[in-house]
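Working notes, beginning with the structure itself.
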Amino acid sequence: MYDYLIVGAGLYGAVFAHEAKAAGKSVLVIDKRSNIAGNVFTEKVEGINVHKYGAHIFHTNNTKVWNYITQFATFNRFTNSPVANYKGELYSMPFNMYTFNKMWGVVTPEEAAAKIEEQKKEITGEPKNLEEQAISLIGRDIYEKLVKGYTEKQWGRDCKELPAFIIKRLPVRLTFDNNYFNALYQGIPVGGYTKMVENMLEGIEVRLNEDYLAKKQEYDQIAAKVIYTGAIDAYFNYSLGNLEYRSVRFENEVLDIPNFQGNAAVNYTDRETPWTRIIEHKWFEFGKDEDGNDLPKTVISREYSSEWKPGDEPYYPVNDEKNSKLYAEYKKMADSEEKVIFGGRLGEYKYYDMDQVIAAALEKCAGELRSEKSIIF
């Protein structure tokens, strides 16, 4: 018997496994994939740590989380400064003085603010959809070139059909600051995320290519408690219906050149370009190998957003009113499962940044591992 069976070797599962082992509990981690690290999995290709399930840039203002995760990896000083490509015109992201100068030729913050205020007046009253919400925040010009096409590709719907709450706010900086996250701590783990998660799971039994739901009865018998980080609706065999997600498809390419786009992330914001962005992975680690040598080749990934269907990898929960109500019903069922804890992005049907996943797992550990009633010995 194990004290804990942890379903999923991603960040949530790895944090809980590490803390449970440190508390003297016996732990088994399983994952249906052939690799650990979940969606932060990185694979070395031509000496480059490729983010196989999309770009992951660690950023947090939570000192506790930063101190925790840096036990397992040294982080470099990477700063996310994406570039927006609109039909060959290049703009800085997030929206800042470089963006406004390129868009309107303005030079001072006062000129930029006046231009934005002038264009925002187009929307009167409460915004009724995403388009009106975006224009009310940053004006028509920036909306048309840098928001509309990208958002419609991301969600697969016209901006007029999307709810206003999706864009509650857009960062508008009247400074020449390209630091997208503007977080106190940020960077990429040196050597890749997979190496970091390996360190978190050191000394813990891990079984890969194991489908918990296919062997649920067998696995439930060998553990006192289950930490489940898979999809909550799948756990209950979709008995109330499917929760909706957006998915992402990647086209990866190894190029025999040292530099494709000069930046880690370039967003393609026109509607006609089929992909949402291109990631050039080497720039997450400044184009160098572990010995500091320049890498002669490069690896790029084109990202295509798509509607999720069973069998696809779920990425972004569609937290609209319909899905939120359905999740609330699944949550009631989950709360009645006495020996199962649901956690993480899929288990809680919630979009989490990496630091939020770690914080949530640590909070759960703090309550669970100190509770005398939590383990059935």
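Note that the coordinates shown come from a computational prediction; the quantities given were computed from them, not determined experimentally.
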Can you list the steps and then say if Glu313 with Arg33 is a salt bridge (charged side-chain N to carboxylate O under 4.0 Å, His left out)? CA-CA 11 Å; Glu313 190 65 41; Arg33 288 179 178 169; 2.9 Å; yes

Less than 6.0 angstrom from the centroid, inside 45 degrees of the normal: does Arg249 satisfy that with respect to the ring of Tyr304?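 Satisfied, under 6.0 Å and within 45°.
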
NZ or CZ of Lys102 within 45° of Tyr91 ring axis and under 6.0 Å: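 The answer is yes; both the distance and angle limits are met.
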
Would you please classify the geometry between the [Y] ring and the [X] ring as parallel, tilted or perpendicular, with 30° and 60° separating the classes?
X	Y	result
Phe16	Tyr12	parallel
His281	Phe284	perpendicular
Tyr330	Phe236	parallel

Would you say [X] has more than 12 foreign heavy atoms packed within less than 6.0 Å of its [atom1]?
X	atom1	value
Lys120	NZ	yes
Lys216	NZ	yes
Gln71	CD	yes
Glu338	CD	no
Lys44	NZ	yes
Glu337	CD	yes
Tyr268	OH	yes

Measure from the side-chain N and O atoms of [X] to the backbone N and O of [Y], and report whether any donor-acceptor pair falls under 3.5 Å.
X	Y	value
Asn76	Val190	no
Glu348	Gly344	yes
Lys282	Leu295	yes

salt_bridge([X], [Y]) N-O dist < 4.0 Å:
X	Y	result
Lys195	Glu290	no
Arg302	Glu253	yes
Glu205	Arg207	yes
Lys325	Glu321	yes

Given side chains that start at C-beta, do those of [X] and [Y] come closer than 4.5 Å, heavy atoms only?
X	Y	result
Gln119	Tyr143	no
Glu272	Lys87	yes
Phe100	Val172	yes

May I ask you to check whether [X] and [Y] show a side-chain donor-acceptor distance below 3.5 Å?
X	Y	answer
Tyr219	Glu210	yes
Gln261	Asn85	no
Tyr68	Glu19	yes
Asp220	Tyr212	yes
Ser301	Asn252	yes

* Between Ile257 and Thr298, does a side-chain contact (heavy atoms from CB on, under 4.5 Å) hold up when you go through it step by step? -> CA-CA 6 Å; Ile257 56 173; Thr298 195; 4.1 Å; yes

Item to complete: Is it possible for you to say whether Leu162 and Trp308 belong to one hydrophobic cluster, with membership spreading through side-chain heavy-atom contacts below 4.5 Å?
Response: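 The answer is yes; both residues are in one hydrophobic cluster.
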
Verify same cluster id: Phe176, Ile116 (apolar side-chain graph, 4.5 Å):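 Same hydrophobic cluster.
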
Please report the interatomic distance [atom1]([X]) to [atom2]([Y]), rounded to the nearest 0.5 Å.
X	Y	atom1	atom2	value
Cys159	Leu130	SG	CG	5.0 Å
Leu243	Lys322	CG	NZ	10.0 Å
Arg173	Asn182	CZ	CG	4.5 Å
Leu346	Thr229	CG	OG1	7.0 Å
Asp177	Ser92	CG	OG	10.5 Å
Lys331	Ile232	NZ	CD1	7.5 Å

- prompt: Any idea which heavy atoms bring Val15 and Ala361 closest together, and the distance?
  reply: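 Between these two residues, the closest heavy atoms are CG1-CB, 3.6 Å.
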
Next item on the list: Locate the shortest heavy-atom distance separating Thr99 from Pro94; write the atom from each residue and the value.
Entry: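 Shortest heavy-atom separation between Thr99 and Pro94 comes out as OG1-O, 3.6 Å.
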
Residue pair Glu152, Lys148: steps toward the salt bridge (charged side-chain N to carboxylate O under 4.0 Å, His left out) verdict | CA-CA 6 Å; Glu152 290 181 349; Lys148 178 177 166 63; 2.9 Å; yes

Please lay out, stage by stage, how Glu368 and Tyr4 fare under the test side-chain hydrogen bond (donor to acceptor under 3.5 Å, both in side chains).
CA-CA 11 Å; Glu368 174 69 19; Tyr4 288 100; 2.8 Å; yes

### Test log, rule side-chain hydrogen bond (donor to acceptor under 3.5 Å, both in side chains), inputs Asn96 and Asn178
CA-CA 7 Å; Asn96 62 55; Asn178 286 341; 2.8 Å; yes

* Dump the intermediate steps for salt bridge (charged side-chain N to carboxylate O under 4.0 Å, His left out) on Arg157 and Glu161, then the final yes or no. => CA-CA 6 Å; Arg157 295 161 179 81; Glu161 298 170 11; 5.9 Å; no

- Query: After noting the C-alpha distance and the side-chain angles of Tyr235 and Val340, does the key distance pass the side-chain contact (heavy atoms from CB on, under 4.5 Å) rule?
  - Reply: CA-CA 11 Å; Tyr235 181 90; Val340 183; 3.4 Å; yes

Query - Ring center gap for Phe75 and Tyr185 short of 6.0 angstrom - result: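 That pair fails the under 6.0 Å test.
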
Do the ring centers of His59 and Tyr180 come within less than 6.0 Å of each other?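 Aromatic pair excluded; centres sit 6.0 Å or further apart.
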
If the test is side chain to side chain contact (heavy atoms under 4.5 Å, CB included), which one of Thr194, Val29, Asp31 qualifies with Ile36?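 One option only clears the test, and that one is Thr194.
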
- Query: So which of Tyr351, Tyr245, Trp155 actually passes ring-ring contact (aromatic ring centres under 6.0 Å, His included) with Tyr316?
  - Reply: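 Filter result, single survivor: Tyr351.
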
Where do Asp312 and Ser247 land on the side-chain hydrogen bond (donor to acceptor under 3.5 Å, both in side chains) test, with the steps shown first?
CA-CA 7 Å; Asp312 291 344; Ser247 193; 4.8 Å; no

side-chain contact (heavy atoms from CB on, under 4.5 Å) evaluation trace for Asp294 with Lys288: CA-CA 5 Å; Asp294 290 335; Lys288 309 283 187 181; 2.5 Å; yes

Hey, mind stepping through Phe58 and Asp355 against side-chain contact (heavy atoms from CB on, under 4.5 Å) and telling me if it holds? CA-CA 7 Å; Phe58 195 88; Asp355 64 322; 4.0 Å; yes

